[in-house]
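In what follows, chains carry the letters A, B, and so on, assigned in the order in which the sequence lines appear, proteins first and then strands, with residues in each chain numbered from 1.
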Amino acid sequence: MTITHPIQTILSRSDGKLFFIVVKNMILALKTTDNKNYSICGKWVDDLDRTPFLKQNVLKEQARQIAANEEAGISKKIKKNDGASSPASIIKKEAKVPVPGSGAPQIYLQIRNLALSRDETKLYACTDSDKAIVVFKIDLTTNENCLELVKRQPYPKRPNAITSTLDSKSIVMADKFGDVYDMPLEGDVVDNVEELNPILGHVSMLTNVLASQDSNGKNYIITSDRDEHIKISHYPQTFIVNKWLFGHEEFVSSLVIPDYKTNLLFSAGGDHSIFSWDWEKGTLLDKFEYSQTIKPYLTDRHLAPERFQNETNDSIEYAVVNITTFKNLPYLAFFVEATPLLIILKVQNDGKLSFFQDIKMSNNIISLSSVYTTKNIPTFAVTLDATEQAGMPTLVELAEFDEANSRFIISKDVCGPLNNFIIDTLKDDKIAQVEKSSIFPLYTVINLKKHGEHYS
Amino acid sequence: RAHSNPFSDHQLDYPISPDQMDWFRLYPHYYDETKKEMTQKVTIADIGCGFGGLLIKLSPSFPQDLILGMEIRVQVTNYVEDRIIALRNNHVKKNGYQNINVIRGNAMKFLPNFFEKGQLSKLFFCFPDPHFKQRKHKARIITDTLLSEYAYVLKEGGIIYTITDVKDLHEWMVKHLESHPLFERLSKEWESTDKCVEIMTNSTEEGQKVERKRGDKYIACFKRLPIPEII
């Protein structure tokens with residue numbers, strides 16, 4: 001029996017009339033005028049066949065090996081049946097693309113890092129298949145597909161985070177290998193990925209990237225990594241490091257600068273606190289510890305891996321996946337991986353953080369974003385892991401700000417129709433209907449935790 | 001073992017930030033008991049200091065500076081530590097070798113955890129691991145992206161010293177340093193008058209090994225340029 005694959009991301013345009021969701025390797029655009037009736041207005045599936053890429057790599061490696069052997073004066077010997085050998089200067093066999101065996105880990109090809117350009121005219125995403133940034137023009141004048149692919153630039157290593165530069169002319173991408181690239185939206189695709197040069201880098205896996213501007217109008221790129229670092233570099237003069245923000249003792253997974261006060265920066269990851277910084281001055285303003293709030297929601301899933309377990313087998317590990325802010329409302333929301341709890345903090349004028357509210361969702365949260373509905377109400381959107389839920393799954397939940405009571409409330413009147421429409425759309429979709437065993441790993445952030453297992 | 005993977009999660013000790021570093025433990029002679037603070041900061045660093053030959057030669061030549069060696073291999077670090085303890089004990093009357101020490105660390109990841117902006121005046125890279133394979137070039141200690149971090153910890157006018165017996169690596173280092181906007185190569189004449197170049201050429205264990213094998217030594221030194229106007 002198949003189930004509907006969870007939604008990895010949800011985004012909305014700020015007028016609340018256009019939503020984007022990602023399911024596996026598919027992007028869907030949903031149009032509405034009233035947040036009650038929806039229609040699909042765009043769809044893109046990354047159905048790229050990876051075989052030619054693998055083949056290309058295999059051939060390249062073969063050519064390299066042949067060249068290296070020739071340089072070293074080794075020519076491949078072919079053994080004959082009589083035991084003698086003869087040199088074979090030409091390798092006749094064409095290299096084969098290796099096929100994974102039955103025990104090989106499953107390869108998941110999903111779409112990651114969905115983002116809207118700052119002017120909301122373009123949609124950006126990253127693909128696993130060819131490790132590319134893809135750019136779509138959003139064209140709602142057409143009655144067919146509003147997502148028009150305008151650029152697809154592959155990279156040598158998998159993109160882990162992207163951001164739009166302030167002028168919306170470039171996308172800055174941070175990869176798994178520690179390098180940051182600047183991709184102009186205009187201009188041709190670079191075919192040979194080895195010609196692409198990073199603008200800055202860390203010797204560590206990068207987890208996030210932001211572009212921002214200080215009060216003097218100077219531009220910066222802010223990057224975070226697995227080694228507790230947050231680095232601030234000038235932009236476009238990325239060869240000048242401005243500063244580091246020191247204080248994290250575990251990996252950093254999430255960075256966000258709120259639009260209403262752009263000298264603030266919030267960060268979190270494997271530490272049990274949300275950090276609040278003045279990134280322009282380089283000062284830590286506050287740390288909000290959430291370990292007591294989340295404690296009742298930690299389960300066996302949060303036990304440390306066996307080989308890093310303590311003697312009493314109760315060592316737990318957990319991490320923040322994402323922090324989200326609004327354009328002009330001083331609250332932030334975040335969630336801890338593999339828990340159903342949305343935690344909302346109030347942000348004071350001086351950057352201090354205080355607990356505001358928590359909301360228990362019906363299932364574990366997979367992704368969190370801030371969206372707008374047509375009522376123009378700031379809303380936190382979460383997508384949920386309903387894979388264990390019997391009956392109608394709840395894939396999305398929305399928590400909107402109720403100004404009269406100054407609380408966030410689950411907005412049933414908006415959430416219900418949206419959820420129903422998505423379920424209805426996906427129930428016959430070949431991509432979205434999957435066996436339980438082939439669902440993408442949903443809880444991967446904790447894997448960033450270092451255990452210092454190499455004692456060399 | 002001769003090599004260590006700079007990308008892996010080593011069990012390393014490093015401060016959360018430069019102001020959290022306990023320098024007293026390394027240079028107790030330079031600690032002001034009444035003010036409870038160090039009287040000096042580290043200004044010279046030898047990245048991948050190996051067996052410590054350069055540190056030991058630099059020590060008497062730069063009595064006003066604190067000199068730190070960083071080495072990623074545990075056993076080599078332990079050896080250098082023992083060597084410095086012995087030297088300090090043997091020169092206790094003149095307080096010799098109090099200005100050098102070594103820590104085990106991964107400079108490619110954690111240099112900014114130890115040093116503040118513009119703290120260093122000299123940074124040495126002597127006989128670094130060549131990482132011959134093309135796809136391992138990111139593991140080299142000199143890359144475009146790392147140079148920006150070295151430029152951060154070096155003060156304006158500070159110097160990067162490089163020496164290697166591998167021509168290909170030398171050319172790689174020169175190419176990357178020359179193309180970096182914050183570094184400018186120093187002339188052969190300058191090299192011939194600089195005492196560190198002389199020490200670096202003759203004092204390190206690697207250098208002496210190359211000497212015995214009658215190999216070549218390639219030297220290149222670079223000055224840290226002022227930060228240009230921010231656009």
Side-chain angles (χ1 to χ4, degrees), chain A residues 57 60-61 64 67-68 156-157 177-181 194 197-206 214 216-220 223 225-251 271 282 284 448-456, chain B residues 1 3-21 72-75 104 106-118 132-135 137-141 143-153 179-183 225-231:
Chain A
N57 285 342
K60 213 170 84 187
E61 175 62 15
R64 192 196 64 78
K157 301 286 170 189
F177 204 43
D179 289 326
V180 177
Y181 295 87
E194 271 151 42
N197 287 317
I199 54 166
L200 69 108
H202 298 211
V203 181
S204 181
M205 186 194 290
L206 290 171
D214 70 9
N216 298 317
K218 305 293 182 190
N219 287 300
Y220 299 84
T223 40
D225 73 23
R226 200 185 163 193
D227 288 313
E228 313 95 35
H229 287 132
I230 300 172
K231 179 159 90 170
I232 304 178
S233 308
H234 289 272
Y235 182 82
Q237 293 153 304
T238 47
F239 56 89
I240 307 169
V241 179
N242 178 262
K243 63 171 82 69
W244 271 267
L245 300 179
F246 288 112
H248 279 281
E249 295 179 51
E250 290 281 347
F251 68 86
D271 288 296
L284 179 65
L448 292 170
K449 188 173 169 65
K450 296 191 290 181
H451 292 98
E453 58 262 52
H454 300 273
Y455 283 87
S456 61
Chain B
R1 52 187 271 206
H3 307 282
S4 200
N5 181 358
F7 299 121
S8 56
D9 303 344
H10 297 276
Q11 191 73 23
L12 293 172
D13 259 339
Y14 50 87
I16 293 173
S17 63
D19 57 11
Q20 302 273 311
M21 178 66 192
I72 200 166
R73 294 164 295 176
V74 185
Q75 266 106 345
R104 173 156 184 262
N106 182 340
M108 292 168 71
K109 281 176 180 275
F110 300 113
L111 208 57
N113 288 61
F114 290 92
F115 305 120
E116 291 158 8
K117 198 175 200 165
F132 288 108
K133 287 179 186 163
Q134 181 78 36
R135 62 193 172 79
H137 281 179
K138 196 189 156 90
R140 284 182 167 169
I141 197 99
T143 61
D144 290 336
T145 54
L146 271 174
L147 282 174
S148 303
E149 303 200 356
Y150 302 150
Y152 174 90
V153 294
S179 67
H180 197 281
L182 294 180
F183 290 102
L225 296 172
I227 300 282
E229 194 193 334
I230 304 292
I231 48 175

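A distance of 10.0 Å separates OG of B:Ser17 from NE2 of A:His229, quoted to the nearest 0.5 Å. Rounding to the nearest 0.5 angstrom, the gap separating the CG atom in A:Asn197 from the CG atom in B:Asp144 is 7.0 Å.
Side-chain atoms of A:Gln237 come within 3.5 Å of backbone N or O of B:Glu229 as a donor-acceptor pair. For the pair B:Lys117 (side chain) and A:Asn242 (backbone), a donor-acceptor distance under 3.5 Å is present. With hydrogens and angles ignored, the 3.5 Å screen pairs no side-chain donor or acceptor of B:Lys109 with any backbone N or O of A:Asp227.
Contact of A:Asp225 with chain B is not made at all, since no heavy-atom distance falls under 4.5 Å. Using a 4.5 Å cut-off between heavy atoms, A:Pro236 touches chain B through its side chain atoms alone. For chain A, no part of B:Leu147 is nearby; none of its heavy atoms comes within less than 4.5 Å. Heavy atoms closer than 4.5 Å to chain A are found in both the backbone and the side chain of B:Asn113.
Under the 4.5 Å side-chain criterion, counting only non-hydrogen atoms from C-beta, A:Phe246 is not in contact with B:Pro15. Looking only at side-chain heavy atoms (C-beta outward), A:Ile240 and B:Pro228 come within less than 4.5 Å of each other.
Ring pair B:Tyr152/A:Trp244 is perpendicular by interplanar angle, where above 60° counts as perpendicular and below 30° as parallel.
Nearest heavy atoms, B:Ile231 versus A:Lys218: O-CD, 3.9 Å.
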